[in-house]
**Q** 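Pasting a structure below so you can have a look.
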Amino acid sequence: MTADLRDLYQEVVVDHSRRPRNFGPLPDASHQAEGFNPLCGDRLNLYLKVVDGFIEDARFEGSGCAISMASASLMTEAMKGRRTTDAEALFSDFHAMLTGNPKTNPALGKLEVFAGVSEFPSRIKCATLAWHTLQAALHAEVQPVTTESIA
Amino acid sequence: MLSDVTAMNGVARQVPALDVMRRRQDFPILRREVNRHDLVYLDNAATSQKPWSVIEAERHYYADYNANIHRGIHRLSQEATDAYEAARDKVREFINAPRREEIVFTRGSTEAINLVASSYGQHLQAGDEILITEMEHHSNIVPWQLYCQPSGAVLRVVPINDAGELVVEQFKSLLGPRTRLVALTHMSNALGSINPVKALVDLAHRAGAVVLVDGAQAVAHLPVDVTDLDCDFYVFSGHKLYGPTGIGVLFAKFSLLEAMPPYQGGGDMIKSVSFAGSTWNELPYKFEAGTPNIAGGIGLGAAIDYVRSVGMDVIAAHEAELLAYATARAEAFPGLSLIGTACDKGAILSFTLAGIHPHDVGTILDTQGVAVRTGHHCAMPVMDRYGVPATVRASFALYNTRQEVDALFRGLAKAREIFE
């Protein structure tokens, strides 16, 4: 197997895509948003329970490619217990890594498994769908977000 | 070498085998590598690669006789006009249209359908019906919604069966006294299904409707004869027929074109202009406003020369053989589900792999140099019909080989290995 391919589909990514964590509804959610990538049909609903500026719980439902599902799964894991204000900064670091500058960032912890995406520009949208949806949920946007309207 | 083919009319006959290794030399791009592998280009339903003769025809025009057409008195303009109009004659002959005035150059199939929907659609009234099919590309759905629904015309949809074949009984029952126009594809881009167009045109005509046939896929894979089909409109694009992008064709029966109002206004489409009003140029120029894609038209002419020199029946037989081989391999591949198994089918293999999203399959294949399309193929209703968000689509052309089909399946095995 080529090194690039194993960089993209690391075992953690494959595992989270097949057995996504925090998958399912969140009845007492305080924030919610729907994300949609019209090009590949990836679709997810993200639910957050925010208390006093902290994300107490995060869950999602949806379907899509391995990268988008694993990204949503790992993101919900990473969000729990964080301040909502930190979430934005984390996305900014995550996005920077996906576009290759810098290529790695230990501050991202487990999310570093997506570093390989930077070699596959057409897949960056897959990795960021959950994060755009997170932003929409935090800003309580009513319209579903699509990766086509966001750079 | 000869190979048996069964023609559309069911009569088996023999056509010469295609010398694929020789033909591959005609396509410079096939020499390139992608991700350290030889390019295996299986995205021909999106766009086909171009032979040297097409590339050279465009270069020759720009390098040696670039000028605007239909208006200059000078030598270059005359040469450019002659080459562009010669391309129109080649198109007419290629699809066996009765008259050259019936060949309108457009940007592609999409624009040709928009032209008909916008212009012919103007005399539709509230309650009139347009019949389309469940297997249409978005470009044969959206123009009808856009131009015809505001007038109150109703869009009705003929369903397909599980194999991806049009349900002809449903077609018959949906054809009614208010059906004004039928718009259907000759060959589905997402499923490969080939529709029995001639019989459907006959049924539609008996019901008093005109028929538009979307030939974007079909024209590169099977011989097309619009006189035999007796369709009223036939559209196709150059770039799926080994020609340039940005050029396509609308064939329409002369009497219909005459009665239709212009699509766009501008230069070349007028006879005279005054502030009180204008009069239209003769056919086909009434529908060709503005400076057209001259190089594209000339390139399309070269592409038609190329496929005719190979032989459309020879191409069709080669692709049928490749499709049969690929289908047999697909049926033996664990977890693979074919989407589209019509009896009469063109060189398209659309499928899903259990537990692996088409997008991931596409990325993995790309690392092996294999180019396929993944997604909804601009046919979202087809995806809905099969309950899938997307498929992987491998589509073949005259230059594809069995070895390339093998490379596709090696790539699919790799995808399974990763997601095991």
Side-chain angles (χ1 to χ4, degrees), chain A residues 1-20 23 34-45 60-73 98 113-130 144 146-148, chain B residues 33-38 40 43 46 138 141-142 190 335 339 350 352-393 407 410-420:
Chain A
M1 185 181 309
T2 62
D4 290 354
L5 209 46
R6 193 35 98 186
D7 286 347
L8 181 65
Y9 295 108
Q10 295 199 30
E11 274 170 35
V12 176
V13 172
V14 173
D15 177 48
H16 275 258
S17 75
R18 305 181 85 185
R19 281 175 291 276
F23 194 85
E34 184 189 0
F36 180 48
N37 182 342
L39 276 182
C40 49
D42 290 359
R43 193 181 283 276
L44 61 89
N45 276 296
F60 79 102
E61 294 174 298
S63 64
C65 67
I67 305 297
S68 71
M69 288 297 103
S71 177
S73 174
L98 295 182
V113 295
F114 292 103
V117 174
S118 66
E119 298 299 319
F120 296 84
S122 68
R123 304 306 298 276
I124 291 173
K125 279 179 184 171
C126 310
T128 56
L129 176 63
T146 87
T147 50
E148 296 311 290
Chain B
E33 291 191 346
V34 169
N35 293 322
R36 299 177 301 282
H37 290 78
D38 289 338
V40 174
D43 194 16
H138 295 163
I141 303 172
V142 182
I339 307 288
S350 209
T352 57
L353 285 186
I356 314 178
H357 193 277
H359 232 96
D360 296 309
V361 176
T363 292
I364 292 165
L365 290 175
D366 183 53
T367 63
Q368 311 303 304
V370 181
V372 296
R373 171 85 185 266
T374 64
H376 52 61
H377 317 298
C378 297
M380 284 187 181
V382 173
M383 301 297 112
D384 291 344
R385 168 69 174 75
Y386 287 93
V388 295
T391 74
V392 183
R393 182 187 69 188
R410 276 198 302 279
L412 296 180
K414 199 163 282 279
R416 266 173 49 89
E417 197 184 300
I418 290 170
F419 283 92
E420 215 142 55

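Naming convention: chains lettered A, B, ... in sequence-line order (proteins, then strands); numbering from 1 in each chain.
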**Q** Which heavy atom of B:I418 sits nearest to which heavy atom of A:V14, and what is that distance?
**A** O-CG1, 3.9 Å
**Q** Roughly how far, to the nearest 0.5 Å, is OG1 of B:T367 from CG of A:L8?
**A**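 OG1 of B:T367 is found 9.0 Å from CG of A:L8.
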**Q** Sort out for me which of A:S68, A:S63, A:S122, A:G64 touches chain B most, counting heavy-atom pairs under 4.5 Å.
**A** A:G64
**Q** What's the verdict on side chain to side chain contact (heavy atoms under 4.5 Å, CB included) for B:H357 and A:D42, showing C-alpha distance, side-chain angles and the deciding distance?
**A** CA-CA 10 Å; B:H357 193 277; A:D42 290 359; 3.6 Å; yes
**Q** By side-chain hydrogen bond (donor to acceptor under 3.5 Å, both in side chains), which residues pair with B:R373, not counting sequence neighbours?
**A**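 B:R373 satisfies side-chain hydrogen bond (donor to acceptor under 3.5 Å, both in side chains) with no residue once adjacent residues are dropped.
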**Q** Counting only heavy atoms closer than 4.5 Å, note whether A:R123 contacts chain B via side chain, backbone, both or neither.
**A**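 A:R123 touches chain B through side-chain heavy atoms alone.
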**Q** Can you confirm whether A:E11 is buried at CD, in the sense that more than 12 heavy atoms of other residues, nucleotides or ligands lie under 6.0 Å from that atom?
**A** no
**Q** Could you tell me which residues in residues 113-120 of chain A have at least one non-hydrogen atom under 4.5 Å from a non-hydrogen atom of chain B, sorted by residue number?
**A** A:F120
**Q** Please determine, among B:H359, B:M383, B:H376, the option with the most heavy-atom pairs under 4.5 Å with chain A.
**A** B:H359
**Q** Report the residues that fulfil side chain to side chain contact (heavy atoms under 4.5 Å, CB included) with A:A66, sequence neighbours left out, ordered by chain and then residue number.
**A** A:Y9, A:S17, B:D360, B:F419
**Q** Could I get the full list of salt bridge (charged side-chain N to carboxylate O under 4.0 Å, His left out) partners for B:D366, not counting sequence neighbours?
**A**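 Salt bridge (charged side-chain N to carboxylate O under 4.0 Å, His left out) check on B:D366 returns nothing, list empty.
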